[in-house]
**Q** 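Provided herewith is a single structure, encoded as structure tokens, for subsequent inquiry.
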Protein chains: 2
Amino acid sequence: MSTTEEPAKRRGRPPSGGREAILSAALMILREQGIANLTSREIAARAGVSDASVYYHFGDRAGLLQAVFAQGMKPLQFMAGMDLAALEPAEVVSTALIALEQFFDDVLPILHAAQADPELRAALAEFIEANDLGPHKGVRLLGSYLRAQQQVGRVRADADADAVALMIIDAAFARSARKQMMLQGKEQLPSGEAVLREITRLLT
Amino acid sequence: MSTTEEPAKRRGRPPSGGREAILSAALMILREQGIANLTSREIAARAGVSDASVYYHFGDRAGLLQAVFAQGMKPLQFMAGMDLAALEPAEVVSTALIALEQFFDDVLPILHAAQADPELRAALAEFIEANDLGPHKGVRLLGSYLRAQQQVGRVRADADADAVALMIIDAAFARSARKQMMLQGKEQLPSGEAVLREITRLLT
DNA sequence: GTCTATAGGTTGATAGAC
DNA sequence: GTCTATCAACCTATAGAC
């Protein structure tokens with residue numbers, strides 16, 4: 001969406017901040033308490049407003065959740081502003097794994113919350129598709145980097161760039177999901193470094 | 001559990017089937033409607049009983065959900081009874097990917113439902129750990145197969161068997177999750193076969 | 001825009017008859 | 001074990017004053 005340029009005067013926003021406080025509180029509750037506890041009262045209490053205020057700003061619960069989803073799903077900016085060409089493939093993959101895991105840490109609570117109800121799931125899926133936030137975006141980004149490196153000879157030519165990109169994304173996704181779901185257990189799984197080494201072995 | 005001969009009289013199980021009907025209905029609702037619609041009334045209606053019956057059998061909602069989770073989390077039996085040693089590694093990996101994706105298709109709705117509330121999440125995580133259903137089990141199974149193949153020389157010796165096993169599991173996990181969350185979109189992602197080819201390339 | 005107050009509906013849970 | 005009937009609690013949403 002359009003990034004709001006704010007030179008000195010704001011146009012239509014008396015900055016009472018109520019709306020943003022509500023969104024921020026809702027996102028907080030969603031992330032740490034789950035959607036089952038995301039009620040208008042809880043949100044209002046944590047935002048320091050009355051719960052009628054929630055309905056004033058968002059109409060109904062569906063409108064509120066839509067806004068919360070939109071607020072929480074934004075940052076897929078993923079290695080933005082990095083000079084990828086200057087880095088070793090292994091470094092890029094390592095960076096990508098870390099950035100992707102962080103991205104999923106932020107976003108998975110919202111994805112999970114939407115699974116509680118088919119209408120929410122459909123609404124979120126539609127939002128993701130409309131805003132080009134789906135997994136194919138990561139595949140395209142990482143995959144085209146890998147293809148470029150193939151043409152320069154820094155990544156072996158017989159690798160399927162998009163498939164490797166998807167495997168990287170999936171590894172980060174699963175790591176983040178296990179963390180969130182408290183599924184690591186005591187027995188430890190292979191480290192991120194071990195996975196990184198295997199991916200690197202695919203590329204060289 | 002002494003199974004003595006019971007000619008005409010059964011000991012502790014009048015098989016009215018109410019309890020199982022409730023569990024089955026609850027699991028059905030959970031999988032197709034999400035936990036937001038998993039109410040005692042909905043369950044009772046679909047099971048063909050009164051909703052007081054639900055509380056008779058399970059005490060309260062927490063007890064019901066615990067039983068539903070236990071019922072739905074059972075089958076991690078994963079390539080059971082197959083003679084793995086007789087198969088090519090690529091075939092085993094292909095079989096594993098399919099079996100794992102099916103497993104996650106069954107189990108993910110429950111994992112997702114538990115994320116709606118921290119208490120449910122903790123209860124399910126505890127159940128998974130207590131029953132040895134966590135991801136390390138798959139890693140151990142697939143990893144030890146790959147190690148055995150390394151010793152016979154059918155899988156290259158410098159591969160990290162456990163790391164590759166985890167990547168296989170993560171790929172299946174992510175595929176199943178995208179399907180459930182309706183996140184494939186129109187732009188198609190790399191196929192399962194393409195991912196399989198890359199994994200195979202890691203092993204040979 | 002924000003509040004108080006409240007209507008109206010749904011849910012978890014219990015009592016008591018059969 | 002299963003039912004009907006019911007309650008108290010909670011939630012979404014609205015009305016109306018400031």
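So that the names make sense, note that chain A is the first sequence line, chain B the second, and so on, each numbered from 1. Hydrogens, waters and symmetry mates play no part in the numbers below; they use all other heavy atoms, side chains included.
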**Q** Rounded to whole Å, how long is the line connecting atom CZ of Arg19(B) with atom P of dT2(D)?
**A**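 Roughly 11 Å, once rounded to whole Å.
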**Q** Check the distance between dG1(C)'s C1' and Ile22(A)'s CD1 and give it to me in whole angstrom.
**A**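 Those two atoms, CD1 and C1', are 10 Å apart.
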**Q** Between atom CZ in Arg61(A) and atom P in dC10(D), what is the gap in whole Å?
**A**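 Atom-to-atom, Arg61(A) to dC10(D), this comes out as 17 Å.
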**Q** Please report the distance, rounded to the nearest Å, between CZ in Phe58(A) and P in dC11(D).
**A**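 Rounded to the whole Å, the gap is 19 Å.
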**Q** Crowded around Glu32(A) CD? As in, over 12 foreign heavy atoms under 6.0 Å?
**A**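 Check passes, neighbour count above 12.
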**Q** To the nearest Å, give me how far apart CG (Asn37(A)) and P (dA9(D)) are.
**A**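 Atom CG in Asn37(A) sits about 19 Å away from atom P in dA9(D).
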**Q** Pick from Ile43(A), Ile35(A), Leu30(A): which one makes a side chain to side chain contact (heavy atoms under 4.5 Å, CB included) with Val68(A)?
**A**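 Considering Ile43(A), Ile35(A), Leu30(A), a side chain to side chain contact (heavy atoms under 4.5 Å, CB included) with Val68(A) is found only for Leu30(A).
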**Q** For DNA chain D, which residues of residues 38-56 of chain B approach it to below 4.0 angstrom with any heavy atom?
**A**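 Result for residues 38-56 of chain B: Gly48(B), Val49(B), Ser50(B), Ala52(B), Ser53(B), Tyr56(B), sorted by number.
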**Q** Are Arg121(B) and Met181(A) close enough, and set up right, to give a side chain to side chain contact (heavy atoms under 4.5 Å, CB included), and what steps lead you there?
**A** CA-CA 7 Å; Arg121(B) 180 180 343 191; Met181(A) 295 176 172; 5.5 Å; no
**Q** Mind checking whether Phe69(B) and Phe127(B) have ring centres under 6.0 Å apart?
**A**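 No, the ring of Phe69(B) stays outside the 6.0 Å limit from the ring of Phe127(B), centre to centre.
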**Q** Would you mind reading off the distance between Asp60(A) atom CG and dG9(C) atom C1', rounded to a whole angstrom?
**A**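 Computing the Asp60(A):CG to dG9(C):C1' distance gives 16 Å.
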**Q** In terms of the angle between their ring planes, are His112(A) and His112(B) parallel, tilted or perpendicular, with boundaries placed at 30° and 60°?
**A**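 The rings of His112(A) and His112(B) sit tilted, inter-plane angle from 30° to 60°.
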**Q** Between Lys137(B) and Glu187(A), does the salt bridge (charged side-chain N to carboxylate O under 4.0 Å, His left out) criterion hold? Intermediate values first, please.
**A** CA-CA 9 Å; Lys137(B) 189 178 182 188; Glu187(A) 308 85 351; over 6 Å; no
**Q** Atom CG of Asp117(A) to atom C1' of dC11(D): distance rounded to whole Å?
**A**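 It is 15 Å, rounded to the nearest whole Å.
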**Q** Send over the distance from His57(A) NE2 to dT14(D) P, rounded to a whole Å.
**A**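 After rounding, the gap between these two atoms is 15 Å.
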